[in-house]
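Read the structure below first, then the notes.
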Amino acid sequence: MDLPTPNKLVEEEDDDSMLNNKKLGGIKTMPFILANEICDRFASSGFHSNMITYLTQELNMPLVQASNTLTNFGGTASFTPLIGALIADSFAGRFWTITVGSIIYELGLVSITLSAVLPSLRPPPCPTQQNCQEASTFQLWILYISLLLTSLGTGGIRPCVVTFAADQFGSDKMITGRSKKWNFFNWYYFSMGLATLTALTVVVYVQENVGWGWGLGIPTIAMIVSIIAFVIGSPLYKKIEPGGSPLIRLAQVIVAAFKKRKETAPENPKLLYQNKEVDAAISLHGRLVHTDQYKWLDKAAVVTESESAAGILLVTSSSHLHSFVIQQARTMDRHLSKSFEIPPASLSIFGILTTLSGLVLYERLFVPLARRFTGHPSGVTCLQRMGIGFVINIVATIVSSFIEIKRKSVAAHHNLLDDPKAIVPISVFWLVPQFCLHGIAEVFMSVGHLEFLYDQSPESMRSTAAALYWTAISMGNYIGTLLVSLVHKYTGENSNWLPDRNLNRGKLEYYYWLVSGIQVLNLIYYIICAYLYTYKPLEEVTEEEEEEDGEFNGKKISEKGVELTVNETA
């Protein structure tokens with residue numbers, strides 16, 4: 001009887017592994033992943049959306065200090081994804097990075113819920129908002145530790161969750177030339193919008209009318225459910241093995257290119273060194289093909305005998321807007337009926353509703369209409385889509401300034417400028433247009449970002465690419481804090497643009513004009529970057545690989561949506 005050779009045994013094991021891998025992932029994983037994400041988004045939205053109220057009303061923080069605190073920790077939460085992505089891409093993998101990050105986030109939620117429940121962890125109430133006793137150092141440290149834990153947990157969740165979910169699908173192309181992943185991104189964002197909408201209505205209402213113990217306890221419970229749902233689906237997930245540190249790979253390429261700087265790169269890029277076996281685990285859905293950009297790095301692959309900034313300014317300008325709008329809404333008439341008032345933080349539901357409806361209309365109306373003029377299968381490119389969103393954001397901020405002028409004019413007419421607790425007789429629904437405009441901007445920007453980062457990043461850096469986007473947000477938050485602090489410090493005490501207690505005596509509209517100008521500069525810079533950017537075509541990996549002659553068959557999908565047959569000879 002012939003015994004199988006060791007090589008044959010290895011080949012059979014590899015075949016079995018590939019067969020098992022094909023059975024994993026797919027639509028059957030979506031109930032677990034979406035349940036996890038919906039609960040996670042519900043928890044995070046319920047926790048963060050009204051936190052400015054908790055800091056100013058429960059911990060008696062001045063407005064600027066409270067807004068800066070949230071923005072600084074928001075910046076930290078946007079920086080930690082870079083660390084989480086490097087961990088995921090280097091050795092831990094996306095599944096375990098998400099799981100551990102979620103647990104750390106849960107610890108932060110538990111901590112701040114305890115601070116809301118135990119009176120000793122809060123200062124005495126101050127209903128007049130004048131001469132209030134602020135939180136003690138110990139009480140502030142409890143808050144800071146809670147926010148820090150949620151920021152660290154976010155570092156494991158944000159860079160991995162979307163790419164992990166997209167990894168569950170194959171790379172089959174539909175008739176439109178777009179991958180299932182791109183449809184997934186739209187539905188993913190739609191589901192997250194529904195979760196946020198629920199949190200802004202249910203959780204915020206509980207916080208304002210029942211108490212902060214339950215108001216923060218509900219998100220804490222939701223996060224526990226999120227973790228359980230995600231872990232239960234573990235046997236079904238397609239878990240792509242980490243491909244090693246992308247930064248180490250990048251450093252190796254730069255060093256190799258420098259060492260071979262005197263070598264002559266071949267005219268035919270197919271003659272450059274590449275090891276598809278090494279990259280197979282991270283290139284299940286395709287790989288970016290060679291382009292003529294950065295050709296000096298090609299020398300790293302010469303076979304010898306011996307071997308993101310536009311986003312920063314955008315976030316800088318918008319980092320504090322949510323906090324200020326909530327404070328505006330608290331001074332306005334919020335009655336829907338004689339007995340019911342809409343909580344200030346719940347006004348964000350109008351932006352979410354606009355985003356949800358806009359996502360549907362974008363696919364059904366905008367894409368077919370734009371396709372007639374551009375010929376592009378998606379109507380517009382990812383960068384064009386984001387650029388449109390930037391323009392709409394500018395309009396929204398300008399509208400915000402005019403609404404604030406109107407609010408203060410009504411307050412002055414009724415002699416309410418010196419009463420920080422007074423309700424100005426102007427409907428809070430004057431703020432709705434700016435929320436709707438921001439919602440429309442989200443339709444263009446957010447999904448465009450997801451598509452662009454996943455499609456245009458190298459296979460080994462997809463989590464890291466998402467993290468770099470969040471790093472830009474982090475820097476924008478920190479610079480936004482600096483901007484607000486400088487405005488608060490140098491605009492004087494009598495006519496301060498951003499007063500601590502009485503918004504009626506502020507000049508918030510001036511701040512809106514300032515950030516509108518920053519957004520315009522950002523748009524100009526973005527247009528230049530987008531114009532100079534060259535899209536990277538994607539080489540689709542197929543199962544047809546001829547072992548006899550080493551012929552590799554694939555498809556190259558360009559940004560124009562044109563399919564080109566690629567036959568590469570090893």
From [atom1] ([X]) to [atom2] ([Y]), nearest 0.5 Å:
| X | Y | atom1 | atom2 | result |
| --- | --- | --- | --- | --- |
| R41 | S226 | CZ | OG | 11.0 Å |
| T71 | I479 | OG1 | CD1 | 12.5 Å |
| F47 | L147 | CZ | CG | 5.0 Å |
| I52 | S67 | CD1 | OG | 5.0 Å |
| L498 | L483 | CG | CG | 8.5 Å |

Task: Polar side chain donor-acceptor pair, K238 to T29, under 3.5 angstrom - done: no
Open item on the list: Under a 3.5 Å cutoff, is there a donor and acceptor pairing between the side chains of T113 and T220?
Closed with: yes
Open item on the list: So, applying side-chain hydrogen bond (donor to acceptor under 3.5 Å, both in side chains) with T53, which one of R330, Q207, Q327, E58 is it?
Closed with: R330
Task: Option passing side-chain hydrogen bond (donor to acceptor under 3.5 Å, both in side chains) with T196 (candidates S45, S44, S49) - done: S45
- [ ] Report yes if some heavy atom in the side chain of I142 is under 4.5 Å from a heavy atom in the side chain of S111; otherwise report no.
- [x] no
Task: Y237 and F230 aromatic centres sub-6.0 Å - done: yes
Open item on the list: Counting the benzene-type ring for Trp, do Y511 and F324 have ring centres under 6.0 Å apart?
Closed with: yes
Task: W513 atom CH2, over 12 foreign heavy atoms within 6.0 Å - done: yes
